[in-house]
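The block underneath contains the structure these notes are about, expressed in structure tokens.
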Amino acid sequence: MRRVVITGTGMVSPLGCGTEVSWARLLDGHNAARQVTEFQVDDLPAKIACRLPFGDGSEGTFNPDDWMEPKEQRKVDDFIIYAMAASEMALKDADWHPKTDEDQIATGVMIGSGIGGLEGIVEGGITLRDRGPRRLSPFFIPGRLINLASGQVSIRHKLRGPNHSVVTACSTGAHAIGDAARLIGLGDADVMVAGGTESPISRIALAGFAACKALSTRHNDDPKKASRPYDKDRDGFVMGEGAGIVVLEELEHALARGARIYAEVVGYGMSGDAYHITAPSEDGDGAYRCMKMALKRAGLEPSDIDYINAHGTSTMADTIELGAVERLLGDHAGNVSMSSTKSAIGHLLGAAGAVEAIFCILAIRDNIAPPTLNLDNPSVETKIDLVPHAARKRKIDVALSNSFGFGGTNASLVLRRYEN
Amino acid sequence: MSDVAERVKKIVIDHLGVDAEKVTEGASFIDDLGADSLDTVELVMAFEEEFGVEIPDDAADSILTVGDAVKFIEKAQA
């Protein structure tokens, strides 16, 4: 297969609008969790979330009007707006603005979302029930469909190559990047805009995820303590929102135009647990096989891994993933740093894998592992450095990013410092 | 400009995000104001809502300009 590199990144995260501002705040130990005040939460078990820092666009705040005209925003759910913002940043970062037929046709889009326009579907249902079918907007369907993130981005930037979308719950972002890289590897496209986007923070999503016992409910009064992967006092994830988008490019294509190369996508693994709809298999076998496959694809050994961005949602499943990683690493465990950046930004669901892959790329670029916040009392002993509290400077050439989703769907990406 | 025309104009400005001076009586939603076919469906729904009238689909198909909408609504309200 042809080699695939990353030449652009874009991000809207609870830490900021933009890759660099989010990364800088992540390394500084910022924590985005807060109480939700935008809608009624008093009757919900989980009253906290990691919202985007909305504002006028200055100082890392996110102003939707900077990325999509207000009249267009009305027609779509927020996950599409976030994708538009992060995609525009990524294309600008990659300095890739295809104008010719050839370049436009060689560039595709693969942006996924875990649940898409949930809130809009709720509102549409209420309109239908209370006011009848004639009051349902013509934009109800195209504003909610998950693949309309890819569709809208392709229309905006005239990207006429493969137009695809991924829906694999919390593995979406990783699957999107892995699948898009594969399309380039196989020659279906030379450039792909790929990643994940999610705007779940709503009454129905908080109620729904709380109903399946996935959310933290014991830290409502102290939100910044709520997301605490591997810690004894963890009790569920904190919902986040945002989008992470990368520009993937065939190596020779990138070199020919003198593009700046962040890292190479060298490995991609997938597996299914075939076990339970929300819980990972207790032996961690799905996670293990997924990482193993990604390494095999990369032609690397477990001993080549320097940093792992864990799925680490701050649920009981953290230790299952940790066990699978220890099994994978064996004697090499003591040389690896593994952190969960969900401790700072919460769980971005379908966007998580993409945002976290970008953090891996930057960890390689800057030779630094971002921290796992709130890891006061690890619930297990491990030789793996879980990077508690503060970022750690260290050599990072190879990073692995894990994402595991409801339904038992697993994805791992292996990213490597680019070398000729 | 009549009361109906003023209210129609406001709806068009809000929904299509266009400058007020472009919203003349003869302005075509699609050709002059940048609407697509889905925008026109939504505009018709907004007119129905604002004026409490029903605009059947075949009538909606013949409402192509700001003036067409004003005429239809004034007639429906008469």
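Scope of the values below: all heavy atoms of this structure, side chains included, with no hydrogens, waters or symmetry mates. Here the structure is a predicted model, which is why all the values come from computation and not from measurement. Here is the naming used below: chain letters follow the sequence lines, and residue numbers restart at 1 for every chain.
Around atom NE2 of A/His164, no more than 12 heavy atoms belonging to other residues, nucleotides or ligands sit under 6.0 Å away. Taking a 6.0 Å sphere around CD of B/Gln77, one finds it holds more than 12 heavy atoms contributed by other residues, nucleotides or ligands. Within 6.0 Å of the CG atom in B/Asp57, the count of heavy atoms belonging to other residues, nucleotides or ligands does not exceed 12.
Using a cut-off of 4.0 Å between Lys/Arg side-chain N and Asp/Glu carboxylate O, A/Lys71 and B/Asp39 are scored as not salt-bridged. Using a 4.0 Å cut-off between a side-chain N of Lys or Arg and a carboxylate O of Asp or Glu, A/Arg74 and B/Glu42 qualify as a salt bridge.
For a residue to count as touching a neighbouring chain, one of its non-hydrogen atoms must lie under 4.5 Å from one of that chain's; by this rule A/Arg131 touches chain B with the side chain only.
Contacts from residues 137-162 of chain A to chain B, taken as heavy-atom pairs separated by less than 4.5 Å, involve A/Ser137, A/Pro138, A/Phe139, A/Pro142 in sequence order. At a heavy-atom cut-off of under 4.5 Å, chain B is reached by no residue from residues 92-102 of chain A.
Residue A/Arg134 holds its CZ atom at 8.5 Å from CD1 of B/Ile55, rounded to the nearest 0.5 Å.
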